[in-house]
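Worth knowing before you read on, the calculation uses all heavy atoms, side chains too, and leaves out hydrogens, waters and symmetry mates. This is a predicted model, so every value here is computed, not measured. Reminder, nothing fancy here: chain letters follow the sequence lines and each chain counts from 1.
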Protein chains: 2
Amino acid sequence: MATVPNRRRTQVDRSAETRAILIRAAIELLQTLGFAGTSTALIAKRAGVTTGALHHHFATKDELLFGVLDHASERMRARLEQEKPVSPAGTLNISDTVRHLWEVYGNPEYWATWEIIIGTRSDPALHPRVVAHRLETMRMVLHPWLEHHTSEEGTRPEVIALFEFMLIAIRGLSLERFLDKDEAYFDRNLKILADLVGQRLEALAQHNFVR
Amino acid sequence: MATVPNRRRTQVDRSAETRAILIRAAIELLQTLGFAGTSTALIAKRAGVTTGALHHHFATKDELLFGVLDHASERMRARLEQEKPVSPAGTLNISDTVRHLWEVYGNPEYWATWEIIIGTRSDPALHPRVVAHRLETMRMVLHPWLEHHTSEEGTRPEVIALFEFMLIAIRGLSLERFLDKDEAYFDRNLKILADLVGQRLEALAQHNFVR
DNA sequence: ATTTACATACTGATCGATATGTATGTAAGT
DNA sequence: ACTTACATACATATCGATCAGTATGTAAAT
């Protein structure tokens with residue numbers, strides 16, 4: 001019989017694994033049950049540990065929520081970064097970009113973040129910290145990506161604004177998930193978004209050329 | 001001293017008033033504290049009655065929530081309807097339309113509806129009923145308005161789709177309220193939306209004319 | 001190489017607070 | 001008189017969190 005590898009885990013490994021399992025369980029519950037339905041008891045149960053273990057790693061539920069925010073932030077960064085600029089230099093394929101942003105920000109997993117933002121807004125102590133975390137993530141993750149992907153166009157502020165608008169629209173679209181819309185509905189509206197922005201980018205480029 | 005008018009209210013009046021007060025209190029709490037923070041005790045306290053009175057008018061909390069949905073639906077209908085088509089016949093002022101839709105759907109009061117949609121999604125019995133209520137409202141309130149306001153353009157399905165997209169974008173924008181954005185931020189993105197849609201409508205009209 | 005001493009990981013019971021909902025009594029209207 | 005509208009008091013469940021105790025890993029002492 002083969003010896004079981006790593007039968008004896010180090011303490012840091014045990015900690016890291018359990019924390020990761022708890023965070024994953026919290027994200028899944030936030031995604032499926034929402035903020036109100038995500039109790040510490042359910043999180044612990046889904047993670048396969050007890051509430052005692054949960055509170056050993058995260059003194060308060062709030063701390064666990066920030067663990068979720070950190071995790072989501074890192075995931076977002078990784079997913080955004082993995083996009084290869086497949087299009088020829090200077091030619092921004094807006095349809096692919098919309099699709100990619102939809103996969104990142106329209107993903108149900110990402111919604112856990114908004115569940116926390118919205119769900120904690122009644123907490124005068126917690127909400128400012130959540131908002132600050134959000135801003136920091138945008139500054140460290142999204143803005144660099146934005147600047148990188150609009151540099152070909154000259155980093156015009158209008159283009160940046162257009163990208164931000166795309167994110168807003170995509171987030172609005174993701175809300176429709178809660179109304180059990182089918183895939184065709186999402187495809188149709190993503191196409192509209194791509195068309196609108198594409199048309200606008202063309203106009204901007206033309207105007208820039210004429211000037 | 002002047003006699004207090006209506007010192008003796010009828011039963012139906014008492015009922016109607018208390019129900020209205022309770023619904024208004026629930027909407028305010030859903031708007032400020034969110035679904036998780038809106039308890040029956042708080043609703044009753046804010047309404048100035050006891051939980052006993054609340055449960056007399058609404059046997060369960062769910063019933064009260066549907067009362068909120070009904071109220072919001074009616075409010076939406078009234079606000080949409082009050083818009084006078086100020087523009088000359090055939091000329092749709094897209095900027096005003098965006099502004100008007102923002103006032104209706106971007107209104108914090110309206111968010112209470114989404115708070116219910118999102119907050120109850122964990123409830124297998126309640127959520128389908130909420131979704132059904134939503135669809136009914138859209139069918140009875142929004143669609144007639146949409147058809148009325150796009151008839152001048154020939155009720156092209158593409159225009160309808162564009163309007164639906166506008167609502168999606170506006171909803172996405174309303175989420176940013178939870179991140180304490182300033183008014184300029186909303187104005188800027190509403191302008192982008194209006195520009196994008198306006199440009200698209202022009203293109204559609206032109207194409208229609210050529211054809 | 002064992003043993004000893006300690007740190008860390010985790011269990012399970014339990015706390016006070018708060019959630020929704022119910023039972024019963026009282027005041028107001030018909 | 002009877003019904004409806006509300007208040008008061010309470011039942012029951014679940015929330016986040018604490019805590020005493022146990023299991024496991026780690027490092028120093030022998």
Side-chain angles (χ1 to χ4, degrees), chain A residues 4-23 25-26 29-30 33-68 115-116 119-120 122-127 130, chain B residues 4-23 25-26 29-30 33-68 115-116 119-120 122-126:
Chain A
V4 181
N6 285 347
R7 226 198 96 262
R8 187 183 175 92
R9 296 177 300 169
T10 68
Q11 298 282 56
V12 282
D13 281 347
R14 290 214 302 171
S15 268
E17 282 177 29
T18 304
R19 286 176 64 97
I21 289 175
L22 281 167
I23 287 175
L29 288 174
L30 283 170
L33 300 188
F35 186 83
T38 303
S39 67
T40 52
L42 267 183
I43 296 171
K45 186 179 179 182
R46 182 164 192 122
V49 298
T50 61
T51 60
L54 186 153
H55 278 95
H56 172 72
H57 290 287
F58 303 96
T60 66
K61 189 185 181 181
D62 297 352
E63 269 188 36
L64 175 53
L65 292 181
F66 276 102
V68 168
E115 203 67 50
I116 294 174
T120 63
S122 58
D123 193 320
L126 191 55
H127 190 245
V130 171
Chain B
V4 181
N6 285 348
R7 226 200 95 261
R8 187 182 174 90
R9 299 175 299 167
T10 68
Q11 297 282 57
V12 283
D13 281 346
R14 290 215 300 168
S15 270
E17 282 177 30
T18 305
R19 286 177 62 99
I21 289 175
L22 281 167
I23 287 175
L29 287 174
L30 282 170
L33 300 187
F35 186 82
T38 303
S39 66
T40 52
L42 267 182
I43 296 171
K45 186 178 180 183
R46 181 162 194 125
V49 298
T50 61
T51 58
L54 186 150
H55 277 96
H56 172 72
H57 290 288
F58 303 95
T60 67
K61 188 183 181 181
D62 296 352
E63 268 187 37
L64 174 54
L65 292 181
F66 276 101
V68 168
E115 203 67 49
I116 294 173
T120 62
S122 57
D123 193 320
L126 192 55

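Considering every non-hydrogen atom in both T120(B) and L65(B), the closest pair reads CG2-CD1, 4.3 Å. Across A47(B) and I21(B), no two heavy atoms sit closer than the pair O-CG2, 3.3 Å. Of all heavy-atom pairs spanning A44(A) and L54(A), the tightest one is N-CD1, 4.1 Å. Scanning both residues, G119(B) and S122(B), for their nearest heavy atoms gives O-OG, 4.1 Å.
dC10(C) atom C1' lies 11 Å from atom CG of L22(A), rounded to whole Å. Straight-line distance from the NZ atom of K45(B) to the P atom of dC6(D): 20 Å, rounded to whole Å. One atom, CG of L64(A), and another, P of dC15(D), lie 15 Å apart when rounded to the nearest Å. Between the CG atom of L54(A) and the P atom of dG12(C) there is a distance of 15 Å, given to the nearest Å. Note: CG (L33(A)) to P (dC15(D)) measures 11 Å, nearest angstrom.
Between the OG1 atom in T40(A) and the CG atom in L64(A) there is a gap of 9.0 Å [rounded to 0.5 Å]. For the atom pair CZ of F66(B) and CD1 of I23(B), the computed distance is 13.0 Å after rounding to the nearest 0.5 Å. Taking CG of L29(B) as the reference point, atom CG of L42(B) lies at 6.0 Å (rounded to 0.5 Å). In this structure, the separation between NZ on K45(A) and OG on S39(A) is 10.0 Å, given to the nearest 0.5 Å.
In this structure, K61(B) satisfies the cation-pi test against F35(B), with its NZ or CZ atom closer than 6.0 Å to the six-membered ring centre and inside 45 degrees of the ring normal.
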Pick out the pairs of N or O atoms, protein on one side and nucleotides 18-20 of chain C on the other, that lie under 3.5 Å.
residue: dT20(C); atom: OP1; partner: T40(B); partner atom: N; Å: 3.2
residue: dT20(C); atom: OP1; partner: K61(B); partner atom: NZ; Å: 2.8
residue: dT20(C); atom: OP2; partner: T40(B); partner atom: N; Å: 2.7
residue: dT20(C); atom: OP2; partner: T40(B); partner atom: OG1; Å: 2.7

For nucleotides 3-5 of chain D, give me every protein contact, N/O to N/O, under 3.5 Å, one pair per line with atom names.
residue: dT4(D); atom: O2; partner: Q11(B); partner atom: NE2; Å: 3.4
residue: dA5(D); atom: OP1; partner: S15(B); partner atom: OG; Å: 2.0
residue: dA5(D); atom: OP2; partner: H56(B); partner atom: NE2; Å: 3.0
residue: dA5(D); atom: O4'; partner: R14(B); partner atom: NH2; Å: 3.0

Distances for protein N/O vs nucleotides 23-25 of chain C N/O pairs under 3.5 angstrom?
none

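Remark: side-chain polar atoms of H55(B) are paired, donor with acceptor, to backbone N or O of T51(B) under 3.5 angstrom. Judged purely by atom type and a 3.5 angstrom limit, R19(B) uses its side chain to pair as donor or acceptor with the backbone of H57(B).
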